[in-house]
Amino acid sequence: MGLGAYLISMSRHDPTEVTRRHVFAQQGLSKKEEQARIVVLAGELAGDKYAIDQTLTLGRGEQADVRIDDTLVSRVHARIFTHDNGSFVIEDLQSRNGTLVNGMAITKQVLTYGDRIQIGSSLLLFAHHDPMEEQVAQRRKLEAIGRLGTGVAHDFNNLLGAVRSSIDFLNALPSETKVGDPDVREAFNDIRGAAAAATEMTSRLLGFAREVRGSHTEVDLSELCHHVVQLARHTFHRSISIDARIEGGLKVSGDRGQLHQLLMNLMINARDAMPNGGKLTITAKKADKIELEKAPLNPLVAHAVITVEDTGVGMDDATRERAFDPFFTTKGDQVGAGLGLAAVYEIAKTHNGHITVHSVPNRGSQFQVVFPLTSDRPMVPTEPSLPAITLPRTQLLILLVDDEDVVRRSAGRVVRQSGHRVIFAKSGKEALRIYTETQPRPDLVLMDLNMPGMTGDQAFEELKALDAEAPVVFVSGYWDRDLERKLRSMGALGFVQKPYEAATLRDAIVQAMTAQAS
């Protein structure tokens, strides 16, 4: 009898009777080495990994250690714990839809490495966990950040050059030139496009530095492809022509930011392969039967296939074999650190996708990514539009707190343009003093989270001690899900991610004041 069958048969009686020595005997592990983790194979958290210490609770509610936002999952659905005898046990906590292990419904069962756990629409793998792997990965990641700096600086200089030249062009225009003039609008669009590209680069850099994953939602892949093509057309050299053939209605489940990063990295890789110009072609369509047979995918599930093709230098067999290896690059130190395609590979894998590359020296390369499509149910907007809301008062007094002069001035202009009054503070301590001394007190505080000295969250705690009803919206370029959850539980009215558009800040003000009035 195999170990899996043995454990299942034991679980029909008392699963905790299986001792750790049985697991050790079959898997060759000592007690000192024994650690475990859960790896999410499919579902909204696909790719996430969770180490198991003593107990790991899974569910949809706030109290769950692993939160799965799925209506098929109960608030406290199941738990994995270490029994006194050392075995790992999974227990269904009287969930509404049950827990499956290797396709069988269970109430309580000993786990062994390789077991697959089904909770709602999420598939989890019970696997061995070696903490040294994370330490090595972290050291490599820190090394990557340093090596990536040169490539980021190169691209940032290109973007800053586009911004400065556009601004110089606008400053040199005759005073009678109207804002609606086509040349003026084009210059503004170029500045906006460069800013968007810089935002994406910053997001990529932070993604390498920290393992932060957003929730998987339904993403309109067709719309995302159009957005990336528009961004490329604004920022790539005009010697590169871009041909886009994108079918509509391609919907996938995933992290929009990571999918954007994947597409942009493929486009940038194609651009860099054509230093003397050429043609870049991107297609997105529903995969046909032949394309599905080429990849190790489920032919019964509909898939989207994205192809990015260039007419550049191409790759020989040796280079093609290493194309997705971290730190491998043929571009030299002045362009990148060899992480773009490695990131593409990882993102494709965590989205249950598959990527292939075909290339011939001096004839170009073709990258093809395949993703499973969601059903044809109506799209759930990732950023629902706000309904028309009437503010409690037409003009507010807003205290804007940020240690950067240029950020205070630019945000202040948006606040004033929205019809409000604004006062400024350069630090958390100054914000506390101004808030206390101002009469009547500010209607809203826009607080930067990351400031030297007293941070925004520290200032918030002291502000709440002074005034329990103090209305605060946080603004930060460093997003932390746990910190945001904590600040909201303390009464924060909103959280705005830098860099933001003017409309985003205005909406945050409207939402905060409406929430306070309700």
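Remember, predicted model here, so these are calculated numbers, not experimental data.
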Checklist outcome for this item: Looking only at heavy atoms, the pair that brings R233 and A244 closest together is NH2-N, 4.1 Å

Checklist entry - Do L58 and L124 come within less than 4.5 Å of each other through their side chains, counting heavy atoms only? => result yes

Next on the checklist: Using only atom types and a distance under 3.5 Å, with no angle test, would you say the side chain of S74 pairs donor to acceptor with the backbone of R96?
Outcome noted: yes

Next on the checklist: Taking CZ in R75 as the centre, count heavy atoms belonging to other residues, nucleotides or ligands within less than 6.0 Å. Is the count above 12?
Outcome noted: no

Item to check | Distance-only polar pair, side chains of Q54 and T82, donor-acceptor under 3.5 Å | outcome: no

Next on the checklist: Donor-acceptor check, side chain of D65 to backbone of T57, threshold 3.5 angstrom: yes or no?
Outcome noted: yes

Next on the checklist: Is there a side-chain contact between C225 and L263 in this structure, where contact means two heavy atoms from C-beta onward sitting under 4.5 Å apart?
Outcome noted: yes

Checklist entry - Do side-chain atoms of K464 reach the backbone of A470 as a donor and acceptor pair under 3.5 angstrom? => result yes

Item to check | Non-hydrogen side-chain atoms of Q109 and M104 separated by less than 4.5 Å | outcome: no

Checklist entry - When you look at I509 and V473, which way does the side-chain contact (heavy atoms from CB on, under 4.5 Å) test go after all the steps? => result CA-CA 8 Å; I509 294 172; V473 169; over 6 Å; no

Checklist entry - Does a side-chain heavy-atom distance below 4.5 Å link F371 with L262? => result yes

Checklist outcome for this item: Interatomic distance, CG@L250 vs CG@L221, rounded to 0.5 Å, equals 6.0 Å

Next on the checklist: Quick one, K285 with V305, criterion side-chain contact (heavy atoms from CB on, under 4.5 Å). Give me CA distance, side-chain angles, the key distance, then yes/no.
Outcome noted: CA-CA 6 Å; K285 64 185 183 69; V305 56; 3.8 Å; yes

Next on the checklist: Would you say that N269 contacts V308 through its side chain, given a criterion of any heavy-atom pair below 4.5 Å between the two side chains?
Outcome noted: no

Item to check | Salt bridge present between E91 and R79 (N-O < 4.0 angstrom) | outcome: yes

Checklist outcome for this item: Rounded to the nearest 0.5 angstrom, the CZ-CD1 distance for R60 and I68 is 11.0 Å

Next on the checklist: Rounded to the nearest 0.5 Å, what separates atom CD1 in I90 from atom NZ in K108?
Outcome noted: 12.5 Å

Item to check | S87 side chain to H83 backbone, donor-acceptor under 3.5 Å | outcome: no

Item to check | Heavy-atom donor-acceptor pair, N97 side chain to L72 backbone, under 3.5 Å | outcome: yes

Next on the checklist: Using every non-hydrogen atom in the two residues, find where Y113 and A36 come nearest and quote the distance to one decimal.
Outcome noted: CE2-CB, 3.9 Å

Checklist outcome for this item: Rounded to the nearest 0.5 angstrom, the CD1-CG distance for I268 and L280 is 11.0 Å

Checklist entry - How about L373 and V252: do any of their side-chain heavy atoms sit closer than 4.5 Å? => result yes

Next on the checklist: Would you compute the distance between atom CD of Q511 and atom CG of L493 and round it to the nearest 0.5 angstrom?
Outcome noted: 10.5 Å

Item to check | Contact check, side chains of M315 and V357, non-hydrogen atoms, under 4.5 Å | outcome: yes

Item to check | Step-by-step side-chain contact (heavy atoms from CB on, under 4.5 Å) determination, I306 to L266 | outcome: CA-CA 10 Å; I306 298 172; L266 287 176; 5.5 Å; no

Next on the checklist: Has H77 got a side-chain atom pairing as donor or acceptor with Q94's backbone, closer than 3.5 angstrom?
Outcome noted: no

Checklist entry - Closest approach of G254 and V219, non-hydrogen atoms and distance? => result O-CG2, 3.5 Å

Next on the checklist: For Q63, is the CD atom crowded, meaning more than 12 foreign heavy atoms sit under 6.0 Å from it?
Outcome noted: yes

Checklist entry - Under 4.5 Å between any side-chain heavy atoms of I38 and V66, yes or no? => result no

Checklist outcome for this item: In short, L444 meets A512 closest at the heavy-atom pair CD1-CB, 4.1 Å

Next on the checklist: Which residue in the set V407, L449, T504, N450 passes side-chain contact (heavy atoms from CB on, under 4.5 Å) when paired with K498?
Outcome noted: V407

Checklist outcome for this item: When every non-hydrogen atom of P372 is compared with those of H351, the smallest separation belongs to CD-O, 3.8 Å

Item to check | Atom pair OG/NZ of S222 and K251 - distance to nearest 0.5 Å | outcome: 9.5 Å

Next on the checklist: Please check this pair: side chain of D115 against backbone of F126, looking for a donor-acceptor N/O pair closer than 3.5 Å.
Outcome noted: no

Next on the checklist: Would you say CD of Q458 has more than 12 non-hydrogen atoms from neighbouring residues, nucleotides or ligands within 6.0 angstrom?
Outcome noted: yes

Next on the checklist: Please verify the inter-ring angle class for H227 with H260; under 30° counts as parallel, over 60° as perpendicular, anything in between as tilted.
Outcome noted: tilted

Checklist entry - Looking at A78 and D92, what are the two nearest heavy atoms and their distance? => result CB-CA, 4.3 Å

Checklist entry - Does CZ belonging to R116 count more than 12 external heavy atoms closer than 6.0 Å? => result no

Checklist entry - With distance as the sole test, does Q118 use its side chain to make a donor-acceptor pair with the main-chain N or O of G120 at under 3.5 Å? => result yes

